[in-house]
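Notes follow once the structure below has been shown.
In what follows, every heavy atom counts, from backbone to side chain, and hydrogens, waters and symmetry copies are set aside.
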Amino acid sequence: MSGKRRDSKNRMLCNKESQRKGGQYAYKYVDTTGKPQFVFSWKPEAADSTPQEKRDGLALQEKEKQIRRDIEDAIIPRSREITVLDLVEQYLSQKTGVRHNTEANYNFVLNIIKKEGFDRQRIDRIKLSNARCWLIKLQQDSRRYRSIHSIRGVVRPAFQMAADDDLIRKNPFEFQLATVVVNNSVTKEAITRKQERAFLEFVKGDKHFSRYCAGKPMVALHREHYFKHICQKYNSIYKVQMPKVTPHVCGHTFCSNMAKSGMNPKTPQYLMGHSDIGVTLNTYTHLGFEDAREE
C-alpha cells in the first residue's frame with residue numbers, strides 16, 4: 001500500500017491517476033486507436049471543490065467514467081477535434097448531383113450555422129439540451145419555422161452520420177421539431193380564378209411589369225422581388241386588394257386548378273417534381289366549400 005500514489009492531501013490515488021506540481025490531477029489511458037491520452041481536472045471527485053480562480057469542470061473520476069464508456073462503445077476519439085461546421089461540411093460534400101434550389105438551401109444552412117457561433121462547438125459536447133436550446137434561440141432571433149426546419153433537416157442527418165461512424169454515442173437532434181419550437185408558419189393558400197385573371201391581366205397591361213412576360217428564366221430571388229412589387233402597385237390602384245402572391249403561391253394555385261379540372265393527381269405530381277404524392281395532395285391542393293358544393 002505504501003507504493004501507491006497520494007495527492008497533496010494525502011489521499012490515495014487510483015491506478016493511472018497522478019497529481020501535477022501545480023495541483024492539477026491527471027489520468028492516463030490508451031484510446032481505441034492504441035494511442036496514449038491524458039485528461040485533466042482540478043478535482044479528483046465530484047464532491048471536491050475547484051480551487052479559486054480555476055475553471056470549474058467535471059471531476060477526474062467523472063471523466064474516467066466517460067472514457068471507459070467511450071472505449072466500451074468503440075467511440076472514435078478524434079470526435080474531440082471535429083466541430084459542428086466540420087461535420088456539416090463533410091456531410092454536404094457527399095450530396096452530389098443535387099438541384100440548384102437544393103444546393104442554395106445547403107448554402108443558406110451553412111451561413112446560418114456560421115453566424116450563430118454554433119459552428120465552433122465540438123460534436124462530442126453537443127447534448128440533447130444543447131440542440132434544443134440552439135433551435136429555440138434561432139426562433140427567438142426571429143428565424144422562421146420553415147428556416148429552422150431546413151436547418152435541422154441538414155444538421156440532424158449530419159449528426160446521424162457521426163453516430164453511424166462511431167464518432168458520437170447518439171444523435172442529439174433526434175427529436176420532433178414541433179416539441180421544441182412553435183410552428184408559426186402561415187399556410188399559403190391558392191388564389192381564386194378571378195384573382196388569377198386579375199393579376200395576370202394587370203401584369204400584361206402594366207408598362208413596367210409587362211416586360212416580365214417574355215418567358216425568360218430568372219432566379220427565384222428575383223421572381224420573389226418582382227411579385228412583391230406587382231402586388232404593391234396593384235393594391236395601390238384598386239380598392240379590392242390582391243392577396244400576397246408569390247411564386248410559391250403560384251404552385252399552390254396551379255395544383256388546385258388541376259385538381260378542380262379533374263386531372264389525375266399523378267400528373268401535377270410529375271410536373272411539380274414532388275417525390276411524394278402526399279405533398280401534392282395535402283400541401284398544394286386547396287379546395288374550399290364552393291368547390292365541394294359544385295362537385
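His225 and His229 have perpendicular rings, their planes meeting at more than 60° on a 0 to 90° scale where under 30° would count as parallel. Phe202 and Tyr234 have perpendicular rings, their planes meeting at more than 60° on a 0 to 90° scale where under 30° would count as parallel. In this structure, Phe173 and Trp134 have perpendicular ring planes: the angle between them is above 60°, well past the 30° mark.
When atom types are taken as modelled, the side chain of Ser93 and the backbone of Gln90 share a donor-acceptor pair closer than 3.5 angstrom. A donor-acceptor contact shorter than 3.5 Å is absent between the side chain of Ser41 and the backbone of Tyr25. Within the 3.5 Å criterion, the main-chain N or O of Met242 finds a donor-acceptor partner in the side chain of Asn235.
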- [ ] List the steps and the verdict of ring-ring contact (aromatic ring centres under 6.0 Å, His included) for Tyr106 and Tyr91.
- [x] CA-CA 11 Å; Tyr106 289 160; Tyr91 168 73; 7.3 Å; no
Task: Evaluation steps, salt bridge (charged side-chain N to carboxylate O under 4.0 Å, His left out), between Lys9 and Asp7 - done: CA-CA 5 Å; Lys9 297 180 180 180; Asp7 66 4; over 6 Å; no
- [ ] Decide salt bridge (charged side-chain N to carboxylate O under 4.0 Å, His left out) for Asp141 and Lys115; before the verdict, give the C-alpha distance in whole Å, the side-chain angles of both, and the deciding distance to 0.1 Å.
- [x] CA-CA 12 Å; Asp141 291 342; Lys115 289 179 181 178; over 6 Å; no
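Using a 3.5 Å distance cut-off with no hydrogens or angles, the side chains of Gln140 and Lys137 do not pair a donor with an acceptor. Side chains of Glu103 and Asn107: a donor-acceptor N/O pair is absent below 3.5 angstrom, by distance only. Thr267 and Asn264 are not linked by any side-chain donor-acceptor pair at a separation below 3.5 angstrom, with hydrogens and angles left out of the test. At a cut-off of 3.5 Å, with distance as the only test, a side-chain donor of Glu196 or Asn257 sits close to an acceptor on the other residue.
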